[in-house]
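Below, chain A is the first sequence line, B the second, and so on; all start at residue 1. Everything quoted here is computed from the prediction, not taken from an experiment.
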Protein chains: 2
Amino acid sequence: MALDLQHPKIQPPHVQVEEALADLIKQLRPGDQLPPEPTLARQLGVSRATLREVLRTFAERGTLVRRHGVGTFVASRIPVLETGLEVLESLGGMADRLGLASEVAFLEVEERLATPTEAEGLGFARDAAVDVLIINRVISVEGEPVADLRDIVPRTYLSQDDLSHDFRGSVLEVFLRQGAPLLSTSRTQILATEATAKFAQRLDVPRGTALLKLVSQLYSCDERIVDYSVAYFVPGHFKFQVLRKVVG
Amino acid sequence: MALDLQHPKIQPPHVQVEEALADLIKQLRPGDQLPPEPTLARQLGVSRATLREVLRTFAERGTLVRRHGVGTFVASRIPVLETGLEVLESLGGMADRLGLASEVAFLEVEERLATPTEAEGLGFARDAAVDVLIINRVISVEGEPVADLRDIVPRTYLSQDDLSHDFRGSVLEVFLRQGAPLLSTSRTQILATEATAKFAQRLDVPRGTALLKLVSQLYSCDERIVDYSVAYFVPGHFKFQVLRKVVG
DNA sequence: CCCGTTTGACTTGTCAGACAACTGACATTA
DNA sequence: TAATGTCAGTTGTCTGACAAGTCAAACGGG
């Protein structure tokens, strides 16, 4: 076959269309109507079928609104304004983005067998003997303690040696840096609880203060739980938010 | 054409396909391969084009993985197990799904001018004079109070008359039923706070109990805030959870 | 026997053109 | 006036075909 030294990247049509469409939407205002599909397809140089597949994903994502027999419109642009809880990000990363200085206090690492609750949180039977690495620490931002974090990770995925001296307090970052295991999603439960004596002291708040409690299980691509974590946040320092879609 | 007396609800093809496909996936295990598109399309009784649009949204959502020239596979099943906080659903709807009986207690409706905080929550200036409808109520599930809700809606969108006698406690449902305004998304802030005397009494918990507080702004398609609401939840009755994506 | 190459079956990606179904506004009629 | 019919414009669906990617088995020369 004729060798064809393709330039660095020649994207397949549907990727090009996604980018072009995203650009187009950026230039329009919410509520504006897109050109009809046949026209738009011609403008973008693809078939209507290909365009439609892309349009559908944009609609699914909430960026566009399509109305049968009427047209396609750019929806409210709100969903992309800021990243909320739906992306998993380390506290350090968040602080960096906001231009704040974060540091790790009270780092405490431990290797032992999981307690029944911990084993269950990792997806094992309560009486399973699971070798785990426990990482406890308090994160301070601008000098004030804001969060108490506890990660439980099976030794299979992480050992004490993998935590370098400059551990920034994020297990997530360690996983991402070492490239394994491959992460997919995290399921996070949202709770509220009162500060016990221990947490009150560590977080420097009065006993009984309401704390936001996030319990999450981090899944790898092969559906195994690689990290079970419990986090307590002092209200007022971080704003957690979620964008919720209305289902017809 | 053969006359076909359409039964009450005849869903459009792509909706049927979505449901059928979801069922099919449920019966398979992660990693399993789907039948080739032409076969599957025939089985589901739609064209390949329609099937492909649906397949694409499933892939986008992370439920399926498609590989050009290879096949379509069931991905990790985690994202679809249960609906979390990311869909906006009324408490009544949630309770219904779970087979629980929910009822409205302490319904209290009021029409007046918005306070500065309320005006701000609705996207107006703090000193703006906004005519609003205030709806306060406590929702009980199985006889126990679980949530205290307060909705603030500009009179433009809702008036006391729109609330029928069988108001089930959900402003969302009223909006959806009357078809206007057209809703897009809700931005919800997640906080924790201690029960004051008032809420302690209403929710029948000790004073100082940690409550989960959700403050949300409901946006219409034309990017206006149509409902500002503050909700307090008693821990332990509802499980709020979020699925968080790992960003490479 | 071994190893690189070619071939071919199979799958997803894209295309073109046509018709059906839906919406909204205007014209028509009772 | 109010209900009804009509029509243009748009999205939804269908059909059949070809392009492009992947994998493995068959093939051939060393």
Side-chain angles (χ1 to χ4, degrees), chain A residues 1-7 9-21 24-25 28 31-75 248, chain B residues 1-21 24-25 28 31-60 63-75 179-180 182 221:
Chain A
M1 312 298 102
L3 80 159
D4 75 354
L5 266 216
Q6 315 186 329
H7 292 119
K9 291 187 200 181
I10 161 176
Q11 299 278 22
H14 73 261
V15 177
Q16 289 182 25
V17 171
E18 274 175 26
E19 292 170 1
L21 202 53
L24 174 57
I25 291 172
L28 297 173
D32 284 356
Q33 181 171 8
L34 263 59
E37 294 177 358
T39 311
L40 193 51
R42 234 182 15 251
Q43 284 177 13
L44 300 179
V46 296
S47 75
R48 190 156 88 95
T50 304
L51 170 63
R52 276 184 58 80
E53 290 194 16
V54 176
L55 283 175
R56 195 174 216 277
T57 69
F58 274 68
E60 188 84 5
R61 207 182 299 164
T63 313
L64 293 177
V65 176
R66 310 169 83 184
R67 292 207 283 146
H68 189 174
V70 184
T72 304
F73 305 83
V74 329
Chain B
M1 322 286 111
L3 82 159
D4 75 358
L5 267 217
Q6 317 185 336
H7 293 112
K9 287 190 201 175
I10 160 175
Q11 298 277 21
H14 73 262
V15 177
Q16 289 183 24
V17 171
E18 274 173 27
E19 292 170 1
L21 201 54
L24 173 57
I25 292 172
L28 297 173
D32 284 356
Q33 181 171 7
L34 263 59
E37 293 177 359
T39 310
L40 192 51
R42 229 177 24 247
Q43 285 177 12
L44 300 179
V46 296
S47 74
R48 191 157 86 96
T50 303
L51 171 62
R52 276 184 59 79
E53 290 194 16
V54 176
L55 283 175
R56 194 174 217 274
T57 70
F58 275 67
E60 188 83 7
T63 313
L64 293 176
V65 175
R66 310 169 84 186
R67 293 206 283 146
H68 189 177
V70 183
T72 304
F73 304 84
V74 183
L182 249 65
C221 285

Asker: Taking distance alone, no hydrogens or angles, what donor-acceptor pairs closer than 3.5 Å link side-chain atoms of residues 39-46 of chain A to residues at least two apart or in another chain?
Answerer:
none

Asker: On the nucleotide D:dT11, are OP1 or OP2 found under 4.0 Å from the side-chain N or O atoms that A:Thr72 carries?
Answerer: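 It does, given that an N or O in the side chain of A:Thr72 lies less than 4.0 Å from OP1 or OP2 of D:dT11.
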Asker: Taking salt bridge (charged side-chain N to carboxylate O under 4.0 Å, His left out) as the test, write out the residues that go with B:Arg52, two or more places apart.
Answerer: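 Expected list: A:Glu53, B:Glu37.
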Asker: Given that B:Gln33 and B:Arg56 both sit by DNA chain C, which one's nearest nucleotide is further toward the 5' end?
Answerer: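 Looking at the nearest nucleotide for each, B:Gln33 comes out on the 5' side.
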Asker: Just jot down the side chain to side chain donor-acceptor pair (under 3.5 Å) partners of A:Thr57, sequence neighbours excluded, or say none.
Answerer: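 If we apply the side chain to side chain donor-acceptor pair (under 3.5 Å) test to A:Thr57, skipping adjacent residues, there are no hits.
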Asker: How close or far is atom C1' of C:dT11 from atom CG of B:Leu55, stated in whole angstroms?
Answerer: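 For the pair B:Leu55 CG and C:dT11 C1', the rounded distance is 13 Å.
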Asker: Report the distance from atom CG of B:Leu64 to atom CD1 of B:Ile25, rounding to the nearest 0.5 Å.
Answerer: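 Those atoms lie 4.0 Å apart.
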Asker: Any protein N or O atoms within reach of nucleotides 20-26 of chain C? Criterion: under 3.5 Å, listing atom names and distances.
Answerer:
residue: C:dA21; atom: N3; partner: A:His68; partner atom: NE2; Å: 3.2

Asker: When the distance from CZ of B:Phe73 to C1' of D:dT22 is rounded to whole Å, what number comes out?
Answerer: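 Going from CZ in B:Phe73 over to C1' in D:dT22 covers 10 Å.
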Asker: Quick one: B:Glu18 CD to D:dG12 P, roughly how many Å, whole number?
Answerer: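 The distance from CD of B:Glu18 to P of D:dG12 comes to 12 Å, rounded to the nearest Å.
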Asker: Ignoring hydrogens, what is the shortest heavy-atom contact between A:Glu18 and A:Val54? Give both atom names and the distance.
Answerer: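 Reported closest heavy-atom pair: CG-CG1, 3.6 Å.
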Asker: Anything under 3.5 Å between a donor and an acceptor, one on a side chain of residues 67-74 of chain A, the other on a protein residue two or more places apart or in another chain? List them.
Answerer:
none

Asker: Send over the distance from B:Glu37 CD to D:dA19 P, rounded to a whole Å.
Answerer: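 In whole Å, D:dA19 P lies 18 Å from B:Glu37 CD.
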Asker: For DNA chain D, determine which residues of residues 43-53 of chain A have any heavy atom closer than 4.0 angstrom to one of its atoms, and list them numerically.
Answerer: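 Heavy-atom cutoff 4.0 Å gives A:Arg48, A:Arg52.
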Asker: Please state how far atom CZ in B:Phe58 lies from atom C1' in C:dT12, giving the value in whole angstrom units.
Answerer: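 Going from B:Phe58 (CZ) to C:dT12 (C1'), I get 18 Å.
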Asker: Kindly compute the distance separating CG (A:Leu55) from CZ (A:Arg48), expressed to the nearest 0.5 Å.
Answerer: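 The CG atom of A:Leu55 sits 10.0 Å away from the CZ atom of A:Arg48.
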Asker: Just how far, in rounded Å, is P of D:dG21 from NE2 of A:His14?
Answerer: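 For the pair A:His14 NE2 and D:dG21 P, the rounded distance is 12 Å.
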Asker: How many Å lie between CG on A:Leu64 and P on D:dG12, as a whole number?
Answerer: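 Spelled out: CG on A:Leu64 to P on D:dG12 is 11 Å.
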